[in-house]
Participant: 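Below you'll find the structure I mean.
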There are 2 protein chains.
Amino acid sequence: MTDETSGSKPPSRRPTRARAAMREQVDAIFTQWQTERPDIDPSPVHIYGLIGRIQMQCTALIDEALAPFELTRGTYDVLTALRRAGAPYSLSPKQIAQSLLLSGAGLTSRLNKLEAQNYLARLPEPNDRRTLRVQLTSAGETVINEAIPRVFDVQRELLAPLGPEGQQRLMQELMRFADVIDGRQSEIKIDTVPVVE
Amino acid sequence: MTDETSGSKPPSRRPTRARAAMREQVDAIFTQWQTERPDIDPSPVHIYGLIGRIQMQCTALIDEALAPFELTRGTYDVLTALRRAGAPYSLSPKQIAQSLLLSGAGLTSRLNKLEAQNYLARLPEPNDRRTLRVQLTSAGETVINEAIPRVFDVQRELLAPLGPEGQQRLMQELMRFADVIDGRQSEIKIDTVPVVE
DNA sequence: CGCAGATCATTCGATATCTAATGATTTCGC
DNA sequence: GCGAAATCATTAGATATCGAATGATCTGCG
């Protein structure tokens with residue numbers, strides 16, 4: 001089950017159940033690049049490789065936490081957007097799509113599922129018949145109120161071993177990077193939508 | 001694109017648009033949770049929100065860099081796996097799928113595309129007719145050798161403003177987090193596959 | 001007023017992925 | 001040796017997304 005992509009050297013360590021799997025995977029890739037393309041500087045490999053792997057693991061855990069509620073990350077995100085908006089927990093589809101960085105078509109699909117689950121209703125908007133008021137039903141309110149703490153628990157538990165200072169440092173470094181990215185000319189199109197919040 | 005390795009010559013300082021968009025978005029969500037669910041501790045929001053947004057932006061930039069080669073992140077990942085393996089640039093489908101954390105079906109689909117583009121060939125494996133040797137063609141070798149530096153350039157350029165120490169600190173914090181995640185009992189299923197390396 | 005263009009949700013067709021089933025081939029227990 | 005079980009790539013069917021086209025409704029300019 002352990003990975004070991006046809007590397008240069010056979011693994012010297014006993015397969016004691018990958019102890020630092022992500023780090024080792026990323027290190028191995030770094031080393032392969034060094035020998036295969038010594039002309040290019042592979043220094044970004046560590047940061048991007050780790051970010052990708054961390055996110056995969058976290059989203060997998062969140063999916064697990066959401067399964068008992070018959071929610072996916074996608075539908076959970078819609079419900080949280082409504083819940084965060086505060087009473088009466090209603091937003092227009094356009095608002096939701098923008099907040100989730102999702103296409104209109106994608107949102108329609110999520111709304112259909114959630115409406116079928118009776119977690120939300122599409123109400124008419126009195127003054128503009130082009131749009132809607134998407135609103136949590138009381139069932140939707142219940143389910144999202146229960147699901148939210150489970151997701152936060154999973155996320156907090158994962159971070160806990162870092163300690164408050166470790167989390168603070170990680171957050172600080174991520175913010176610096178985020179600011180740097182924002183500081184670009186930034187006609188960047190966003191196209192995947194994994195953000196759970 | 002802009003080759004700013006040294007001097008202080010930002011491409012264009014136009015602070016009119018959102019200057020710290022990610023940070024502000026995440027802060028806003030954090031605040032909404034504080035008022036809407038004061039009973040739960042929303043501290044994870046910053047870290048996970050930033051990781052998600054950072055990754056989205058990075059992958060969007062990489063897609064852009066790959067477009068001229070008619071490659072997607074998915075097909076690029078297959079070619080890099082082969083390229084990293086070293087001459088003669090061949091691996092079995094199973095090896096590639098494991099290295100990319102991809103299902104067999106997903107890999108078959110990527111291989112079909114790349115074979116149609118004449119970037120790789122499926123050769124028989126002499127001693128085991130169940131499997132194959134997937135090998136870069138010379139066209140595939142050429143295209144991946146050109147594409148790799150472009151992707152690394154994009155990634156490096158994005159990190160550059162952090163400076164060597166900033167990158168070091170970010171990497172260190174990410175490694176700590178990755179190790180913490182690995183240290184769990186780890187019956188975690190991985191299900192999305194965005195890692196470009 | 002009244003119509004041209006903007007805005008909005010939805011539908012449509014395409015793409016990329018997953019899991020499960022399939023069929024070919026190899027390995028192993030006896 | 002041989003047949004059952006494992007291994008491997010592929011196919012089939014399902015899901016989630018996207019961009020573009022569609023149709024309904026609003027807005028603003030003459």
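Protein chains get the first letters and strands the later ones, always in sequence-line order, with residue 1 at the start of each.
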Participant: Give every donor-acceptor pair under 3.5 Å between a side-chain atom in residues 162-170 of chain B and any protein atom, sequence neighbours left out.
Facilitator:
unit_1: B:Gln167; atom_1: NE2; unit_2: B:Leu159; atom_2: O; d: 3.3
unit_1: B:Arg169; atom_1: NE; unit_2: A:Glu173; atom_2: OE2; d: 3.0

Participant: Mind checking what makes side chain to side chain contact (heavy atoms under 4.5 Å, CB included) contact with B:Thr72, not counting sequence neighbours?
Facilitator: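 Listed in chain order: B:Thr75.
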Participant: Using atom CG of B:Leu114 as one end and atom C1' of C:dT15 as the other, report the distance to the nearest whole Å.
Facilitator: 15 Å
Participant: Considering residues at least two apart in sequence or located in another chain, which fulfil the salt bridge (Lys or Arg N to Asp or Glu O under 4.0 Å) criterion with A:Arg150?
Facilitator: none
Participant: Rounding to a whole Å, what distance do you find between A:Lys94:NZ and C:dT10:P?
Facilitator: 14 Å
Participant: Give a yes or no answer on whether the side chain of B:Tyr119 reaches the backbone of B:Val143 with a donor-acceptor pair at less than 3.5 Å.
Facilitator: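 A pair under 3.5 Å: no.
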Participant: Whole Å only: how far is the CZ atom of A:Arg73 from the P atom of C:dC18?
Facilitator: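 In whole Å, C:dC18 P and A:Arg73 CZ are 12 Å from each other.
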Participant: Checking B:Glu36 now: which residues fulfil salt bridge (Lys or Arg N to Asp or Glu O under 4.0 Å) with it, not counting sequence neighbours?
Facilitator: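 So B:Glu36 forms a salt bridge (Lys or Arg N to Asp or Glu O under 4.0 Å) with A:Arg83.
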Participant: Using the ring of each side chain (for Trp, its six-membered ring), is B:His46 parallel, tilted or perpendicular to B:Phe30, with breaks at 30° and 60°?
Facilitator: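 B:His46 and B:Phe30: tilted rings.
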Participant: Using side-chain hydrogen bond (donor to acceptor under 3.5 Å, both in side chains) as the criterion, list what pairs up with B:Gln25, not counting sequence neighbours.
Facilitator: B:Arg53
Participant: Enumerate the residues from residues 122-133 of chain A whose closest heavy atom to DNA chain C is under 4.0 Å, giving them by residue number; use none for an empty result.
Facilitator: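 Those residues are A:Arg122, A:Arg130, A:Thr131, A:Leu132.
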Participant: Under 3.5 Å, which donor-acceptor pairs do the side chains of residues 122-133 of chain B form with other protein atoms, sequence neighbours left out?
Facilitator:
unit_1: B:Arg122; atom_1: NH1; unit_2: B:Asn112; atom_2: OD1; d: 3.0
unit_1: B:Arg122; atom_1: NH1; unit_2: B:Glu115; atom_2: OE1; d: 2.6
unit_1: B:Arg122; atom_1: NH2; unit_2: B:Asn112; atom_2: OD1; d: 2.9
unit_1: B:Asp128; atom_1: OD1; unit_2: B:Arg130; atom_2: N; d: 2.9
unit_1: B:Asp128; atom_1: OD1; unit_2: B:Arg130; atom_2: NE; d: 3.1
unit_1: B:Asp128; atom_1: OD2; unit_2: B:Arg130; atom_2: NE; d: 3.4
unit_1: B:Asp128; atom_1: OD2; unit_2: B:Arg130; atom_2: NH2; d: 2.8
unit_1: B:Arg133; atom_1: NH2; unit_2: B:Ser90; atom_2: OG; d: 2.8

Participant: To the nearest Å, how far apart are B:Leu100 CG and C:dT17 C1'?
Facilitator: 14 Å
Participant: Roughly, in whole Å, what's the span from CG in A:Asp63 to P in C:dT17?
Facilitator: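 The distance from CG of A:Asp63 to P of C:dT17 comes to 17 Å, rounded to the nearest Å.
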Participant: Starting from C1' on C:dT7, measure out to CG on A:Leu107 and report it in whole angstrom.
Facilitator: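 Rounding to the nearest Å, CG of A:Leu107 and C1' of C:dT7 are 16 Å apart.
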Participant: If you check the B:Pro93 side chain, which of D:dA9, C:dT17, C:dC8 turns out closest?
Facilitator: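 The nucleotide sitting nearest to the side chain is D:dA9.
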Participant: Starting from P on C:dT17, measure out to CE on A:Met56 and report it in whole angstrom.
Facilitator: 13 Å
Participant: Please name all residues satisfying salt bridge (Lys or Arg N to Asp or Glu O under 4.0 Å) with A:Glu157, sequence neighbours left out, ordered by chain then number.
Facilitator: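 By the salt bridge (Lys or Arg N to Asp or Glu O under 4.0 Å) rule, A:Glu157 matches B:Arg184.
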Participant: What is the distance, rounded to the nearest whole Å, between atom CG of A:Leu111 and atom P of C:dC8?
Facilitator: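 From A:Leu111 CG to C:dC8 P: 15 Å.
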Participant: Tabulate atom names and distances for all N/O pairs under 3.5 angstrom spanning the protein and nucleotides 11-15 of chain D.
Facilitator:
none

